[in-house]
A.B. asks: 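Sending over a structure as structure tokens; questions will come in a sec.
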Amino acid sequence: MSVMQKIRNLDSITIIVMVCLVTIGTIAVYGATTQTNLEGLQMSNVAIFAAFCVPMLAMALLDYKLLVGKLSYIFYGFGIGMLVLVKFLGENINGAVRWLSIGHFQLQPSEPAKIFTILLIAHLLSKREGEKLRLIQDLLPIGIVFAIPTILIMQQPDLGTSLVFVGVLLSMLWMGNIRASYMILFLSLVAIVVGTILSLYYANFELLSKIVEPHQMSRIQTFLDPTSDPDKSWHVKNAMNAIGSGGLSGSDGAYLRKGFIPYAYSDSIYVVIGEEYGFVGSAVLLLLYFLLIYRLVHIVMESRDLAGSYLVIGLIGMFVFQIFVNIGMHIGLVPLTGISLPFISYGGSSLLSNMIAIGLTLSVKVHRNVIDLA
């Protein structure tokens, strides 16, 4: 298949939706940074997006089967190596060591690690050729592949990104034909952990405080009992008030302008959209996300290769979980944690990861008629 044929086979709707999301993100970044010392950040966002179109297109034109194969072990190893390197050479920003400085660019290795982990798990699942997953031969190695980056990222600490791996794993195992009994067992374990945390919170607060990291304990307490410490819950309360003040079509952004919304250009950018563009702006954003996920699911259904299907399902899980958690934490549905909103939040590492994910998805569509690759 020639390059021009591949370009013609690209999913134009997915690309258009992605461009619309980045455009909304750029407008929101402008609103979040205008009249601040970060003014002009929106132009950097445009430049970064334009630059990252090149690797995204390269991924789309490259046959994904080259990556969801033996090379996936190399990429995964490289991702783990970067996460280990962060422990020794990473920069401490706001009490977290998550970034590596490469010239003027700060790379967050946990972002590409998500993609590399999805590639390897897709490869391992495809080896079963759709058969039921076995406990020792299949689930154990997949669990190890999942656990290593998750633990390393939790140590940074970065609970939000660690939880994304859980969402990815669940979606891929479900698509990978896991036995219902195994899934029920896994969900039961999750329920036990959550139940234990809730029980200790109300029955033995001191013991829970010794088990859970202080910053995580603060977020749990803020979520379960916002009135317990107004100083710790002010972020969520202001976010909810700001979104509510947006009404139907938006307001003048008083909460944003008075500095009540921290990291408004990155993790809290949904609050900017909710306050300045109201219900209409939020609805348009969610509609675009729905359309994006719909197109990705459509690509899965069209795929004739299990590895391609598993790959895209993992990427869908990554997107859906990040969208749900980022929006949910600002409206009180889930505890507050640091996690970006795909294509909307400012950040080179997250945008690169998301665009590579789109590139891989486009590759699955472009090469769907190519069954085998020697």
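One is the number of the first residue; the rest follow in order along the sequence.
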A.B. asks: Any sub-3.5 Å donor-acceptor pair from N9's side-chain atoms to Q5's backbone N or O?
C.D. replies: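 Yes: the side chain of N9 pairs with the backbone of Q5.
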A.B. asks: Is P112 close to F78 at the side-chain level, that is, under 4.5 Å between some pair of heavy atoms?
C.D. replies: no
A.B. asks: Decide side-chain contact (heavy atoms from CB on, under 4.5 Å) for I142 and L169; before the verdict, give the C-alpha distance in whole Å, the side-chain angles of both, and the deciding distance to 0.1 Å.
C.D. replies: CA-CA 9 Å; I142 289 173; L169 181 67; 3.8 Å; yes
A.B. asks: Is a side-chain N or O of Y270 found less than 3.5 angstrom from the main chain of I243, in a donor-acceptor match?
C.D. replies: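 Side chain of Y270 to backbone of I243: no pair is present.
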A.B. asks: Can you hop from V320 to L287 via hydrophobic side chains spaced under 4.5 Å?
C.D. replies: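 No; L287 is not reachable from V320 via cluster members.
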A.B. asks: Can you measure from CE (M59) to CG (L360) and round to the nearest 0.5 angstrom?
C.D. replies: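 The CG atom of L360 is 6.5 Å from CE of M59, to the nearest 0.5 Å.
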A.B. asks: Which atom names give the shortest non-hydrogen contact between S245 and S251, and what distance separates them?
C.D. replies: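 Minimum heavy-atom separation between S245 and S251: O-CB, 3.6 Å.
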A.B. asks: Can any side-chain N or O of S266 pair as donor or acceptor with the backbone N or O of S345 at less than 3.5 Å?
C.D. replies: no
A.B. asks: Counting neighbours of OH on Y73 that are heavy atoms of other residues, nucleotides or ligands and sit closer than 6.0 Å, is the number greater than 12?
C.D. replies: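 Yes - once you tally the heavy atoms of other residues, nucleotides and ligands closer than 6.0 Å, there are more than 12.
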A.B. asks: Would you check if the side chain of T161 reaches a backbone N or O of D158 as a donor-acceptor pair within less than 3.5 Å?
C.D. replies: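 Pair absent, no side-chain N/O of T161 close to backbone of D158.
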A.B. asks: Determine whether I16 and V284 fall in the same hydrophobic cluster, where Ile, Leu, Val, Met, Phe, Trp and Tyr are linked whenever their side-chain heavy atoms lie under 4.5 Å apart.
C.D. replies: no
A.B. asks: In the single-linkage hydrophobic clustering (I, L, V, M, F, W, Y; side-chain heavy atoms under 4.5 Å), do F319 and F324 co-cluster?
C.D. replies: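 F319 clusters together with F324.
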A.B. asks: Please check if F290 and I327 belong to a single hydrophobic cluster, counting links between Ile, Leu, Val, Met, Phe, Trp and Tyr side chain heavy atoms closer than 4.5 Å.
C.D. replies: no
A.B. asks: Hey, does R128 have a side-chain heavy atom less than 4.5 Å from the side chain of Q137?
C.D. replies: no
A.B. asks: Could you state the interatomic distance from CG (L83) to OG1 (T150), rounded to the nearest 0.5 Å?
C.D. replies: 9.5 Å
A.B. asks: Can you find a heavy atom in the side chain of V300 that is under 4.5 Å from one in the side chain of L296?
C.D. replies: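 V300 does not reach L296 side chain to side chain.
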A.B. asks: Describe, in one word, how the ring planes of H235 and H330 are oriented to each other, choosing from parallel (under 30°), tilted (30 to 60°) and perpendicular (over 60°).
C.D. replies: tilted
A.B. asks: Out of curiosity, S110 OG to M154 CE, how far, rounded to the nearest 0.5 Å?
C.D. replies: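 So the OG of S110 and the CE of M154 are separated by 13.5 Å.
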A.B. asks: Hey, is E111 close enough to R98 for a salt bridge, meaning N to O under 4.0 Å?
C.D. replies: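 No salt bridge links E111 with R98.
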A.B. asks: Is it the case that the side chain of S72 and the backbone of V68 share a donor-acceptor pair, with hydrogens and angles ignored and the cut-off at 3.5 Å?
C.D. replies: no
A.B. asks: Contact between Y277 and I27 at the side-chain level, heavy atoms closer than 4.5 Å - yes or no?
C.D. replies: yes
A.B. asks: With side-chain contact (heavy atoms from CB on, under 4.5 Å) as the test, would you mind laying out the steps for V168 and K114 before giving the verdict?
C.D. replies: CA-CA 9 Å; V168 167; K114 291 186 293 189; over 6 Å; no
A.B. asks: Closer than 3.5 angstrom, by distance alone: can the side chain of E276 be matched with the main-chain N or O of A28 as a donor-acceptor pair?
C.D. replies: no
A.B. asks: Measuring from atom CD1 of I358 to atom CG of L57, what distance do you get when rounded to the nearest 0.5 angstrom?
C.D. replies: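 Output value for this atom pair is 13.5 Å.
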A.B. asks: Show the nearest heavy-atom pair for residues F186 and L170, with the distance to one decimal.
C.D. replies: CE2-CD2, 3.1 Å
A.B. asks: Is any side-chain heavy atom of I74 closer than 4.5 Å to one of L71?
C.D. replies: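 Result yes, sub-4.5 Å side-chain heavy-atom pair found.
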A.B. asks: Examine distances only and state if a side-chain atom of T361 and a backbone atom of A357 form a donor-acceptor pair shorter than 3.5 Å.
C.D. replies: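 Yes: the side chain of T361 pairs with the backbone of A357.
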A.B. asks: Go through the steps for S349 and Q106 under the test side-chain contact (heavy atoms from CB on, under 4.5 Å), then give the verdict.
C.D. replies: CA-CA 8 Å; S349 296; Q106 283 188 326; over 6 Å; no
A.B. asks: Using a 6.0 Å cut-off, check whether atom CE of M43 has over 12 heavy atoms from anything other than its own residue.
C.D. replies: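 No, not enclosed.
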A.B. asks: Atom CZ of R304 and atom OG of S309: how far apart are they, to the nearest 0.5 Å?
C.D. replies: 12.0 Å
A.B. asks: Would you name the heavy atoms of I344 and V29 that are closest together and state the gap between them?
C.D. replies: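 Shortest heavy-atom separation between I344 and V29 comes out as O-CG2, 4.2 Å.
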A.B. asks: For L66 versus L62, what's the shortest heavy-atom pair and its separation?
C.D. replies: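 Taking L66 first and L62 second, the nearest heavy atoms are CD1-CD1, 3.5 Å.
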A.B. asks: Please name the pair of heavy atoms, one in A32 and one in V272, separated by the smallest distance, quoted to 0.1 Å.
C.D. replies: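 Looking at all heavy atoms of both residues, the closest pair is CB-CG2, 3.9 Å.
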A.B. asks: So, do I148 and I144 sit near enough that their side-chain heavy atoms are less than 4.5 Å apart?
C.D. replies: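 I148 reaches I144 side chain to side chain.
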A.B. asks: Please tell me if the side chains of I7 and L61 come closer than 4.5 Å, counting only heavy atoms from C-beta onward.
C.D. replies: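 I7 vs L61: side chains touch.
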A.B. asks: Does F49 form a side-chain contact (heavy atoms from CB on, under 4.5 Å) with V19? I'd like the steps, not just the answer.
C.D. replies: CA-CA 9 Å; F49 172 71; V19 172; 4.1 Å; yes
A.B. asks: Give me the one residue out of I121, I118, T117, L119 that meets side-chain contact (heavy atoms from CB on, under 4.5 Å) with Y76.
C.D. replies: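 Among I121, I118, T117, L119, the one that satisfies the side-chain contact (heavy atoms from CB on, under 4.5 Å) with Y76 is T117.
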A.B. asks: In terms of hydrophobic clusters joined by side-chain contacts under 4.5 Å, are V3 and V54 together?
C.D. replies: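 V3 does not cluster with V54.
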A.B. asks: side-chain hydrogen bond (donor to acceptor under 3.5 Å, both in side chains), that's the test. Do N45 and Y265 meet it? Break it down for me.
C.D. replies: CA-CA 11 Å; N45 197 61; Y265 61 93; over 6 Å; no
A.B. asks: Among H298, R295, K365, which residue meets the side-chain hydrogen bond (donor to acceptor under 3.5 Å, both in side chains) test with D11?
C.D. replies: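 Of H298, R295, K365, side-chain hydrogen bond (donor to acceptor under 3.5 Å, both in side chains) with D11 is met by R295 alone.
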A.B. asks: Roughly how far, to the nearest 0.5 Å, is the CD1 atom of I323 from the CZ atom of F343?
C.D. replies: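 It comes to 8.5 Å.
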A.B. asks: Report the C-alpha distance between S44 and Y346 in whole Å, list the side-chain angles of each, state the deciding distance to 0.1 Å, and finish with yes or no for side-chain hydrogen bond (donor to acceptor under 3.5 Å, both in side chains).
C.D. replies: CA-CA 9 Å; S44 175; Y346 179 84; 2.9 Å; yes
A.B. asks: Donor-acceptor pair, distance only, cut-off 3.5 Å: does the side chain of T337 make one with the backbone of G160?
C.D. replies: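 A pair under 3.5 Å: yes.
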A.B. asks: Do L285 and L341 touch side chain to side chain, with heavy atoms closer than 4.5 Å?
C.D. replies: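 Yes, their side chains come closer than 4.5 Å.
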A.B. asks: Would K70 and H123 count as a side-chain hydrogen bond (donor to acceptor under 3.5 Å, both in side chains) here? Give the steps.
C.D. replies: CA-CA 8 Å; K70 293 182 179 179; H123 170 66; over 6 Å; no
A.B. asks: So, the side chain of N326 versus the backbone of D267: is there a donor-acceptor pair under 3.5 Å, distance only?
C.D. replies: yes
A.B. asks: Between E275 (side chain only) and Y255 (backbone N and O only), is there a donor and an acceptor less than 3.5 Å apart?
C.D. replies: yes
A.B. asks: Taking all non-hydrogen atoms of both residues, which atom of S282 and which atom of I273 are closest, and how far apart?
C.D. replies: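 Reported closest heavy-atom pair: N-CG2, 4.1 Å.
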A.B. asks: Atom CD of residue position E129 - does it have more than 12 heavy atoms of other residues, nucleotides or ligands inside 6.0 Å?
C.D. replies: no
